Amino acid sequence: MRKTNILDVVSRKLSPFILLFGVYLVTFGHISPGGGFQGGVALASGLLLILLAQGPGVLSRTFSLKGISLVEVLGYGLFLLAGLAGFFWGLGFLSAFLAPPGTIFILNIVIGAKVGAGITLICWHLFLEGEESE
Amino acid sequence: MIALLLISLLFLVSLGGMILSKNLIRKVMALNMLNSAVIILFIFFGSLKGTHAPILVGGETDIVDPIPQALMLTAIVVGICVTALALAFIYRLYDRYGTTELPEIEHQVHQNDQ
Amino acid sequence: MTSDAILLFTVIPLFGSFVTLVEKAVPSLKVAKPAALASFFLSVLLLGLYGEGIYGGAVYSKVVGGWPRGIGIGQELDGIAWVALALVYLIYLPVLLYSFSEGGYDSRFYFFLLLLQGGMAGIVLAYDVFNLFVFLEITGIAAYVLIGYQKKDRALFAGFKYLMLSSLGITLFLLGVFLLYRDTGSLTYTDLRTWALEGMAPAKPVTALAWISTPFALATLLAGIGVRTAFLPYTWLPDAHGFAPHPISASLSGVVIKISFMVVWKLIVLLELSEARQFLLWMGSAIALIGVLRALTQTDVKVLLAWHSVSQMGYIFAGFGAGTEMATVGSLYHMVSHAFFKALLFLSVGTVILFTGERSLVKVSGLGRSFPYLAVLFAIGALSIMGVPPFVGYVSKSLIFEGLKNHSIPYWLLFAASVGTVASFTKLSLLFRGSPMVAGKSTEDSARPRGSFQRVEPTDTPSGLDTRPALQTRPFKSGYLGMSLLAVFCVLGGLLGTYGIQLFSTIALHGSAVSMGPAISVGTATLYGSALPNEAAASAFQESMQLTHGVTFLWLNGKEYLKTIVTLLLGYGVYRFIVSKKGKEVQAWANRLRISFDNQLVLLLVGLILLAVFLAIQY
């Protein structure tokens, strides 16, 4: 069964909207349902749509594997830094050091980036493993 | 009451699926469903009291209980991680043993024992 | 010392894991190993800073983010937590040193190892059930990955089984948390204890289901974590610990199952579930014997050690279940001593596997001549587990047996298990004594200078030890250092046994008479629950644990020595039977008994229902 054009076209048109929705979930997470993790998963699904429909080659033209790994690692570090910033600023770890919703906003964005990158990486690696063994 | 019945049904079906199915991937799916059953249980019973989403920015009162939601968010994240890990394990097992059926794998693993 | 810093116990390993990720992203910066070491030193420094306060009975508690207690995530450092953390770090260093010299571990290994340490610290410090759940899962995920790290076939399968069983257990745990939350409206330990002391009244409106839901909820709580601590079912442990990488086997057998047991301990004591203690007593003694019987039939050395882990955990369960003060302190002491000698045994046996490339008892023997120091290390571990004075195993086993005096059947079951342990380790010591042989080829003629060794890659055709003279001694320095540390702990833990007993009972009793009240943090009350209901009983127990009494009990007690000698003699007799022809037939038959994975899941549920029935009787 040959792959038709529909998959290509639809995935290419739909993916930016999914990414936009993911960004919306992340940034408005403190006043409406959503937040870091949920938005991150939506971001990942936007990227994975391209990955599964068109293959990793197309995806790596815009988002390279190394770039996404770097985002994931940096996300972890930024989260820890945000936590420690709370330590130095005011009360303990992860306390609110900017007026609300400042801290939560930053944490949401960091988590959203990390989760999005992380889940994309998981599926990307599983995909690559599959290709290797063929 | 109906809700409790339906959730118990979901729970028992996924538990049965996890124990009785022979395919590893189905077991992992059943585990996922099991997690979902518990999550729905928490959220449903947490939402019985109160009417608004638990966001205090607008000065709302009469919010739903936020603790089950926070706990369940964590449980969902953990569930996803564990599922991903389980699928990675299954992939490697498939690579080594050539099958995802449990009896076949067990047979292959133990045929080298005395 | 402020309370703010207790969060650092979890943050330091997490930060260390971030540093190892940096090495993963930029492979030229070799920061993973230094980060792992630095994490150890910083954590121990922090622990030391808190030591004085803890000994004086202080309890430190802190809620993350400065939120009020019921809303925020709370952590608390009390005496028991301090001891548990000390144990975690004491085992972490030798494991780390061993992994440095074994080689072949990249930055991701250290990432997960640090995650494991951070997770365990979090479990121990958790103050509410929510936090506990998070850290249990973090530890679990790190453990699953580490078991399958070297991607050996059987390790993968074992890791998968462990993952499924453990996840089912945690889901049941969540179910229990739900029922508890509905009845109490809160998740912190203090509120749970208040609810328990008021008779566990279910929340209004009281439906007809209430009288089964409460014991069922409690049973699911315990059973859920019981999987992690090799309680029911214990069947995943031999494969998982047997095929994991060597330092991971040591760490898992040494600390992870103990920390999970501490959670069970805390829950049982907090919620005053004395029926659960009975259950633990009986199941523990049975598991101790079953573990040893299965161990006697094994020829794979690491699986044999793992079955012994199952058996020794049975001792710990039985000791805790007995409920008397002596047995409870013995159980805590056995947690520590088993960590020491089991880690030492796993690491030394792992070294044998590394040097010879073989895992089976029938293929390797008589290495004592070539590796005398390794033989000594193994001997220290083996003598400890057999309960021979003056090593640490003697102290803890004596305490447990003394505490179980009044329960005759569990006492004799544990005694039989001790006999079996002696037999099994006499058999295992064939690795080091007897005629030198590796995979059928004699190594009698390989003249090796003392202390020399050389790493042999496992090949398909077993070629035995190289007959070339030793090259350099550098390759395994830190591994030997790590194992020697553990051996030193074994010896010190035995010789200073009386001080150890003092330490544990003091930490446990500080403020316990005061903190029995529900409003105060439940810290050190968690050792005894209501076994010591008032000041008089507490001070009477303190008396009985005084130094002089301890010395008399341990070292001048003819009865204990007699028991040890009888155990050794009977064990030797069993060993002769095992290596005889009839014994080999029995072994071959027993080895074919196996529980399939599906049945293991069913076993979990059966155990859960049994436990629920036990608890329901209380109501």
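If you're wondering where the values come from, they're calculated on a predicted model, not measured in any experiment. Per chain, numbering begins at 1; letters A, B, ... match sequence-line order.
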Handout entry: C:Ile170/B:Val82 under side-chain contact (heavy atoms from CB on, under 4.5 Å): CA gap, chis, key distance, verdict
Key = CA-CA 11 Å; C:Ile170 286 288; B:Val82 170; over 6 Å; no
Handout entry: CZ on B:Phe11 to CG on C:Leu175, rounded to 0.5 Å
Key = 5.0 Å
Handout entry: Spacing of CG belonging to C:Leu156 relative to CZ belonging to B:Arg96, to within rounding of 0.5 Å
Key = 6.0 Å
Problem - B:Leu24 side chain reached by C:Met164 side chain, heavy atoms, under 4.5 Å - result: no
Exercise for the section: Identify the two heavy atoms, one from C:Leu174 and one from B:Phe42, that lie closest to each other, and give their separation to 0.1 Å. Expected result: O-CE1, 3.4 Å
Handout entry: Engaged part of B:Val38 at the chain C interface, taking heavy atoms whose separation is under 4.5 Å
Key = side chain
Exercise for the section: Measure the shortest side-chain to side-chain distance between C:Leu605 and B:Ile19 over non-hydrogen atoms and say whether it is less than 4.5 angstrom. Expected result: yes
Problem - Rounded distance (nearest 0.5 Å) linking atom OH of C:Tyr181 with atom CD1 of B:Ile67 - result: 4.0 Å
Practice task
Would you mind checking which part of B:Leu15 comes under 4.5 Å of any heavy atom in chain C, side chain (CB onward), backbone (N, CA, C, O), both or neither?
Solution key: side chain
Fill in the blank from the handout: Smallest heavy-atom separation, C:Tyr144 atom then B:Phe89 atom, equals O-CZ, 3.4 Å
Exercise for the section: Any chance you could measure C:Leu172, atom CG, to B:Leu34, atom CG, to the nearest 0.5 Å? Expected result: 7.0 Å
Exercise for the section: Could you look at B:Val28 and say if it's the side chain, the backbone, both or neither that has a heavy atom under 4.5 Å from chain C? Expected result: both
Handout entry: Which atoms of B:Leu41 approach chain C - backbone, side chain, both or neither, heavy atom under 4.5 Å
Key = both
Exercise for the section: Identify which part of B:Ala75 has an atom lying under 4.5 Å from any heavy atom of chain C, answering side chain, backbone, both or neither. Expected result: both
Practice task
Might you point out which heavy atoms bring B:Leu31 and C:Leu168 nearest each other, and give the distance in Å?
Solution key: CD1-N, 4.1 Å
Practice task
Heavy-atom pairs under 4.5 Å with chain C are the metric here; pick the option from B:Leu85, B:Val77, B:Asn35 that has the most.
Solution key: B:Leu85
Problem - Heavy-atom proximity to chain C below 4.5 Å, by part of B:Ala88 - result: neither
Handout entry: From CG (C:Leu601) to CG (B:Leu20), nearest 0.5 Å
Key = 10.0 Å
Practice task
Working to the nearest 0.5 Å, report the span between CD1 of B:Ile90 and CZ of C:Phe160.
Solution key: 4.0 Å
Exercise for the section: Pick one of side chain, backbone, both or neither for B:Leu102, based on which atoms fall under 4.5 Å of a heavy atom in chain C. Expected result: side chain
